[in-house]
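What follows is one structure encoded as structure tokens, with my remarks underneath.
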Amino acid sequence: MTVTAISHRRRRGAAQGQGVAGWAFVTPVVIILGIFLVVPIVMALWVSVSDWSGSGSPFTAQVHFVGAKNYTSVLNGQGLTAQTFGLAVRNNLYYVLYVVPLQTALSLFLAVMVSRRAMKGRSFFRMAFYFPSVTSSVAITVLWLFLFSGSGVVNKVMSYLSISGPDWFNDPNGVGTQLFHLKESGWLATGNFLGIDWYQWLAGPSVAMSAFIIMAIFTTSGTFMLLFIAALQNIGEDTEEAALIDGAGAWARFRYVTLPLLRPTLYTVITLGLIGTWQIFDQIWIGTHGGPAYTTTTPAYMAYDTAFSGNWGKGAAIAFILFGIIIVMTLIQRLILGEADATKMTRKQLRLDRAQRAASAAAAEKTTGRAH
Amino acid sequence: MTSTSITRPAASDTVRRRRQRRRFGTGTALVVLIALAVVYIFPFLVQISTSFKTEGDAANNPMSLIPQTWSTAAYARLFNNSDFPLWARNSFIVTLAVTLGRVFFDSLAGYALARLRFPGRDIIFYLLIGVMSVPGVVLLIPKFLVINYLGIYDTFAAMILPLLVDAGGVFMMRNFFASIPDSVEEAARIDGAGTFRIFWLVVLPMARPALMTIIILSFQGSWNEFSHFLIATQSPGLRTLTTGVATLASGGLGGGTQYPLKLGAALLMTVPAAIVFFVFQRQIMNTTGGAVKD
């Protein structure tokens, strides 16, 4: 910094002009991001450890510091707030557990399919799969409320298969409960983690939440498909062709050539998926307001609902706890999947190296005749 | 060379066999893709047809793509007997302001961060990256607190100002400006042009592809924005299409399920976003990939 500053002082006029212009150019961005991103966080941190009731300024003498009280009342497992928060975490956890793997797999599948050179109408398919991503959360939720209503399209299709569909968005029953015939008795009725017992943790997403899960997969798979398509174009046909001549079958080619090369993209998609799914809010507000029986309440929705019903301290605390959850989740993911670019090799080296290893692995599989 | 030519017949034989298998695979793949495309498109077709149905028809024949009796009652009601036109107007105002603001301020800051040397540049850049990593939904309550504190709650200012710049856009413009050669600017500088003139007349016109990306992203982002407007406003007069249709979805106008009305409203609000998508289709398909390539 100082070195460049000194060397620049030599070219006085221009450098000084640049300094002034530089600051003038970034000032609007700095002011707006400062006022609407940095200051709010500081303010909300204060509110989350205060007893501000929502009226007047939070910086007056009437507002008191209450320490971690708001945080503990959410996390200590006692009382209504803590129970609702436990449910909210459970609901969102199941949402993440279903949506992230399924949307990743589906978007990868779609990308591979529409990237085939021989495929006719590739651009039509791309557009069809991407289109749901263009719609707003409001428009798609309105559509979903219709499709998944008691006498809606989905239940109509199910009735053709002689299944009587549920009243999706009004059904609080856990999918896990119904699949495994769980009952809230015995040891399942014991235990307390974040205010709810083992039965409630194991009950799974409610039928209502499942409709949201399907919606998320439907709307985001197209976006992630584009990321995979771009990555597949980067890999190019050469590596594939090489493996083809080596005699690798289609699945072996995908498993040992394409998939390892897609690792960085896979990492990105899973990270974005994790961050995005923990933030589900719009759909809940529009579709169910957290019901039925709190089974679609998520931490993000609960933070909003709590704050705007007057408990600003608790609401802000929940928002920061959610922030913590998101950070912890991405760290865990990083631990499990490893750093995307752990090696110091350049991308091209990495690509070549991987391609070579992959091609030989594919060939090896062919020779040993292992089937996957 | 000799060894390849010896093994060649065998190799090409294998390849031919693979090709055949591949062609067969393509047929199956096409069927799978068509089935999936139906699943992806059908909901929107049902949406279009339902918006032209009568309420009874919508409830009794949810699947049918052709209304038993064509009815434009839902649309007539939306335009003549609801706040829908007002919501649309508000959405256009906010989207226009946000898009213009982002194009100008993002590229200005991006240019400074990429090209100009000034004290504090690196700190600003790292702050920008830090800000980008804060999840948006966490900021909802904090943003309300500041909007309320500044006394701009329930105004257009509260809706527009916080969205007027975005860290991601600045980051994108910075990367773009860093990637173009600086020989053009040098020439202009020698001619004695000021920094803003160089930026405005020389550099910005070169940035058309990146600007298009910013325009598309800000348009779609602000047109589809919901949660920010939810916490920034409360009066019905400031509702946008998103907040307006959302209240319609939970309450409706009067009794009944009103699916034709709701789906029609949802359909109309999708039209501008869909037009942008179809017009800039190629750009969208490429930019999303391009953003990740690095």
Side-chain angles (χ1 to χ4, degrees), chain A residues 4 8 17-19 21-23 25-26 28-30 32-33 36-37 39-41 43-44 47 57 113 118-119 125-126 128-129 132 134-139 142-143 145-147 151-153 156 226-227 229-230 244-245 247 268 275 279 281-282 286 300 303-304 307 315-316 319 322-323 326, chain B residues 11 14-15 18 22 25-26 29 33 37 40-41 43 46-47 59 62-63 105 108-109 111-112 116-119 121 124 131 135 137-143 145-146 149 161-162 164-165 167 170 195 224 226-227 242 245-246 249 259 262-263 266 269-270 273-274 277 281 285 288-289 292-293:
Chain A
T4 48
H8 262 265
Q18 274 200 10
W23 269 103
F25 281 24
V26 293
V29 167
V30 168
I32 291 175
L33 291 184
F36 293 108
L37 281 174
V39 173
I41 293 173
M43 235 172 130
V47 167
S57 158
M113 295 292 264
M119 186 56 71
F125 286 121
R126 284 179 199 196
F129 298 142
V134 176
T135 60
S136 64
S137 54
V138 178
V142 169
L143 177 57
L145 288 172
F146 168 68
L147 294 178
S151 58
V153 173
K156 198 89 178 172
L226 289 191
L227 302 194
I229 288 175
L244 196 65
I245 291 169
T268 309
I275 295 173
Q279 295 193 63
F281 172 82
D282 294 10
I286 302 153
Y304 164 86
L322 173 61
F323 193 12
I326 294 175
Chain B
T14 331
V15 171
R18 295 273 168 224
R22 208 184 212 192
T26 306
L33 275 190
Y40 272 78
I41 295 171
V46 169
Q47 179 178 12
M63 288 279 281
F105 294 129
L108 210 55
Y111 178 70
L116 304 179
R117 299 200 163 271
F118 59 95
R121 185 178 82 162
I124 290 178
V131 157
V137 82
V138 171
L139 288 166
L140 279 185
I141 294 167
K143 269 186 188 165
L145 294 174
V146 163
Y149 189 75
L161 283 179
L164 207 55
V165 304
V170 176
T195 314
N224 291 342
F226 169 72
S227 53
T242 48
V245 176
Y259 284 125
K262 291 173 184 173
L263 290 178
M269 73 186 285
T270 311
F277 167 63
Q281 194 218 111
M285 297 293 191
T288 322
V292 177
K293 260 181 210 163

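Numbered from 1 within each chain, the chains take letters A, B, ... in sequence-line order. Note that the structure is a prediction, hence the values are computed from the model and not measured. Below, each value reflects all heavy atoms present in this structure, side chains not excepted, and no hydrogens, waters or symmetry copies.
- Not counting sequence neighbours, A:F323 has no partner by the ring-ring contact (aromatic ring centres under 6.0 Å, His included) test.
- No part of A:I229 comes within reach of chain B, as not one of its non-hydrogen atoms sits under 4.5 angstrom from that chain.
- Residues forming a ring-ring contact (aromatic ring centres under 6.0 Å, His included) with A:F25 (at least two apart in sequence, or on another chain): B:F199.
- Both the backbone and the side chain of A:V153 come within contact range of chain B, judged by heavy atoms closer than 4.5 Å.
- Considering all non-hydrogen atoms of both residues, A:A303 and A:A319 come closest at CB-N, 3.9 Å.
- Of the atoms belonging to A:F146, heavy atoms from both backbone and side chain fall under 4.5 Å from chain B.
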Notebook entry, point to check: Between B:V137 and A:Y304, is a side chain to side chain contact (heavy atoms under 4.5 Å, CB included) present by the stated rule, with each step listed?
Noted result: CA-CA 9 Å; B:V137 82; A:Y304 164 86; over 6 Å; no
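- Per-residue counts of heavy-atom pairs under 4.5 Å with chain B were compared for A:A300, A:A316, A:S151; the largest is that of A:S151.
- Of the listed residues (B:S227, B:P62, B:A37, B:P43), the greatest number of heavy-atom pairs within a distance under 4.5 Å of chain A belongs to B:P62.
- The part of A:I326 that comes within reach of chain B is its side chain, from C-beta onward, which places non-hydrogen atoms under 4.5 angstrom from that chain.
- Among the candidates B:V46, B:I41, B:V146, the residue making the largest number of heavy-atom pairs closer than 4.5 Å to chain A is B:V146.
- Proximity of a side-chain donor or acceptor of A:W23 to a complementary backbone N or O of B:R121 within less than 3.5 Å is not detected.
- Shown here for B:T270 and A:A139, the closest heavy-atom pair between the two residues is OG1-CB, 3.5 Å.
- Of the listed residues A:V39, A:T135, A:D282, the one with more heavy-atom pairs under 4.5 angstrom with chain B than any other is A:D282.
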